[in-house]
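Everything on this sheet refers to the single structure shown next.
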Amino acid sequence: MIKFNVSVFLIVIACLLGESALATEGDPIVKSGVADLRNANLKLTTTPLNGEWAFTWNKLIDPSAVTPVNNYIHLPQLWNGNQLNGQLLTPQGFGTYQCIVLLPVNRGPLAIRLPDFYSSYSLYINGIYFTGNGTPATTPAGYTPHWLSKTLVLPANADTLQLVLQVANFSHAKGGIKKEILIGDYDQLQFQRDKWIATDFLLAGCLFMGGLFFFSLFLFGKNDKATLYFSLFSMVYSYRIVGSNFYALHSVFPNLPWEITTRLEYFTLFSSILLFLKYVCELYPKDIYKPITRLLGTFCLVVSITPLVTPPLFFTRIINPFLLLMFFCIAYVLFVFLKAYFCKRAGATFALISIAVLMMVMFIINLEYFGIIIPAREVVFIGYVLFFFLQSLILSFRFAHTLQLAKDQAVEGLRAKSEFLSTMSHEIRTPLNSVIGMTHLMLKNNPRKDQREQLDVLLFSGSNLLSIVNNILDYSKIEAGKITFEHIEMDVPHILHNIVSGAKNSVFEKGIKLHLSLPEQSLPIVMGDPTRLTQVISNLLGNAVKFTQEGKVTLELKVAGHDKENIKLSFFVHDTGIGISKEKQEVIFEQFTQADSTTSRGYGGTGLGLAISKKILELQGARLQLNSEEGKGATFYFTQNFQMSNNSIAPLINKDKQQNDTA
């Protein structure tokens, strides 16, 4: 994998170097201050006005009184450290460039593209002011800087253009002209400009939205610092895409203050390296070398602060030392990712590929910065997209890995909880059965009245506790998938009669009515699990009785459909109790949950009955449903499919008996 990445890197560099050679080969267009384009096909080709421009240092020549100049300087070229006739040019100063352009006679509309200059200019064509950025002047007092790339239509009827370009700089560490001035077909130049601006905004928008996504992931996730630093890095670096090089942001907002945008340009560059370094340290903390990390972090922090507290003339001078620091940081990150790769850390393969891509992109950008090559913008764009995509994969892999670990821990915790509850329930149930059994024996020995009352309380409490323990055991079995169902003959009406009979005592004590409603027709014997059906109906009926203080509770059975082999039976439990609000109707089916925190205090119970009933029915292909209105009672119901037995059918129960079967 590593050998493959290096090979790809070298191939891309070779291709880019080849492209740059093609872009710069041939003689300069401008010779001794004249560019002869009379035989050039400007409709098909874009021509850079590179070459020997007449130049006057420390003078802004009046365009209406141009005089011949014998001093020439190569364009594009910075003033920094260059000489003109033995005179050393300084970054801060002013000068005038002159060039005569001879145009072909038969041509379409032509345009000129003017990049940003260091750091203000005025362009005159044939003695008339054409365009400018900022205000060039001979002193800092009358000078204002501004950067904005422009593509403008040239005068239509002129065959000769006399260009006078006044340039001044008193605010930046670089002075002069670094980028090419292009001349060509207007539509072609404008299309290329619009394409570059759209590409920059697309990339910056993707980075910024990706940064917002990861920032929200940090806020609403597990507060992973690696995610936080990468989100900040993405959002900060998104400004670099539109606020430097081609300055796409300036083309949309041409009146942005130069000093603010320059500070942002350098601050986002310096701070993005710091944020990326912090991101790597949080991503693979076991693979970093702390002394180097602290040293690099301190340097990056100090450099990041300088654009905020120092004048542009100072912080723009530290760019070259910072580029060395940046490459050292990238090399250190490469070392960390290599170590993480060999230690088989999560996402280390993606990290290694991404840093190789980043090194390639930074190498290309710096070759362009120093004027060595002119890279294809598409290659840089693809490199950025690939780098941020790979980093997103790393964080996504890390997030998924963290979720998997949390899931495994949760599953292990649930398993341990189930085992604990099951074990404790078994341990409690054994002595509890003994307590209940001894209480029954003591009640048969003719105790005194006061003793009987105390034994009744003991028996009630023991039975209630045993019911809770049994519920916990049942739920533990359901969660563990160990619950089994019988498939034997059962008489459903007979089961319902027994359930109602068992509930008569509690109904009688509360002074409410209990109805059993059965179909008029005789019902067949069906195949099923009578124990589980009894458990579900008893839970539903017990809840209905518990939460009904006045009125009645009705257990109703209906035939929902049948064929030769199967019958569908619908079971309804109606009550006139306290009811359940709509927002609580889903919650009550969860384990250990009741509709209100006051419910368990007022009525008792663990909140497991409905959860167990729901699970038992779901395992048999049925669904427990609810219709209720707060204060007006509730109806729990479900429909279950049963296979009919070949044996005898249930005896006919007349309708009068059903309606009078009341407690």
Side-chain angles (χ1 to χ4, degrees), residues 1-6 8-9 207 210-211 213-237 270-304 322 324-363 386-413:
M1 179 67 73
I2 298 174
K3 292 180 179 179
F4 173 76
N5 292 334
V6 173
V8 172
F9 178 77
L207 295 189
F213 169 76
F214 283 109
F215 187 72
S216 64
L217 203 62
F218 165 77
L219 288 179
F220 303 112
K222 297 187 67 176
N223 294 338
D224 180 22
K225 288 186 178 180
T227 305
L228 171 64
Y229 285 125
F230 182 74
S231 68
L232 295 177
F233 168 72
S234 299
M235 289 188 285
V236 167
Y237 203 83
F270 298 157
S271 61
S272 61
I273 301 300
L274 174 63
L275 291 170
F276 189 71
L277 187 64
K278 296 290 290 181
Y279 158 67
V280 172
C281 293
E282 293 293 338
L283 190 65
Y284 299 118
K286 296 181 180 179
D287 302 309
I288 63 173
Y289 187 60
K290 291 185 178 180
I292 293 181
T293 302
R294 293 194 192 100
L295 185 62
L296 290 176
T298 302
F299 283 153
C300 290
L301 179 61
V302 172
V303 172
S304 299
F322 177 78
L324 294 177
L325 175 65
M326 181 184 71
F327 274 105
F328 187 81
C329 287
I330 294 176
Y332 174 66
V333 170
L334 176 62
F335 163 76
V336 174
F337 284 171
L338 277 171
K339 188 176 178 182
Y341 175 80
F342 288 117
C343 292
K344 298 181 179 180
R345 309 291 187 202
T349 302
F350 297 132
L352 200 56
I353 299 173
S354 70
I355 199 63
V357 173
L358 179 63
M359 290 184 71
M360 180 191 72
V361 171
M362 291 301 172
F363 184 67
L386 184 58
F387 168 73
F388 282 96
F389 172 71
L390 289 170
Q391 292 300 323
S392 300
L393 281 182
I394 295 169
L395 288 179
S396 300
F397 188 84
R398 176 186 176 92
F399 190 72
H401 183 68
T402 304
L403 284 180
Q404 186 61 44
L405 288 178
K407 178 185 176 183
D408 293 341
Q409 291 172 357
V411 170
E412 181 63 23

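Bear in mind the structure is a predicted one, so any value in this text is a computation, not a measurement.
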Which distance, rounded to the nearest 0.5 Å, do you find between the [atom1] of [X] and the [atom2] of [Y]?
{"X": "Leu283", "Y": "Lys225", "atom1": "CG", "atom2": "NZ", "value": "14.5 Å"}
{"X": "Lys278", "Y": "Thr293", "atom1": "NZ", "atom2": "OG1", "value": "9.0 Å"}
{"X": "Leu277", "Y": "Met326", "atom1": "CG", "atom2": "CE", "value": "13.0 Å"}
{"X": "Ile353", "Y": "Phe387", "atom1": "CD1", "atom2": "CZ", "value": "13.0 Å"}
{"X": "Leu301", "Y": "Ile273", "atom1": "CG", "atom2": "CD1", "value": "14.0 Å"}
{"X": "Phe218", "Y": "Leu228", "atom1": "CZ", "atom2": "CG", "value": "4.5 Å"}

Contact check, side chains of [X] and [Y], non-hydrogen atoms, under 4.5 Å:
{"X": "Ile292", "Y": "Leu296", "value": "yes"}
{"X": "Ser234", "Y": "Phe388", "value": "yes"}
{"X": "Tyr279", "Y": "Leu275", "value": "no"}
{"X": "Leu325", "Y": "Cys329", "value": "yes"}
{"X": "Arg345", "Y": "Lys286", "value": "yes"}
{"X": "Val280", "Y": "Tyr332", "value": "no"}
{"X": "Phe214", "Y": "Phe230", "value": "yes"}

Do you know which two heavy atoms are closest between Phe215 and Ser231, and how far apart they sit?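 That would be N-CB, 3.4 Å.
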Minimum-distance pair of heavy atoms, taken over all atoms of Leu274 and Gly297: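 Heavy atoms only, the tightest pair is CD1-O, 3.6 Å.
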Under the rule for side chain to side chain donor-acceptor pair (under 3.5 Å), what residues qualify as partners of Tyr229, not counting sequence neighbours?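 Tyr229: no side chain to side chain donor-acceptor pair (under 3.5 Å) contacts found.
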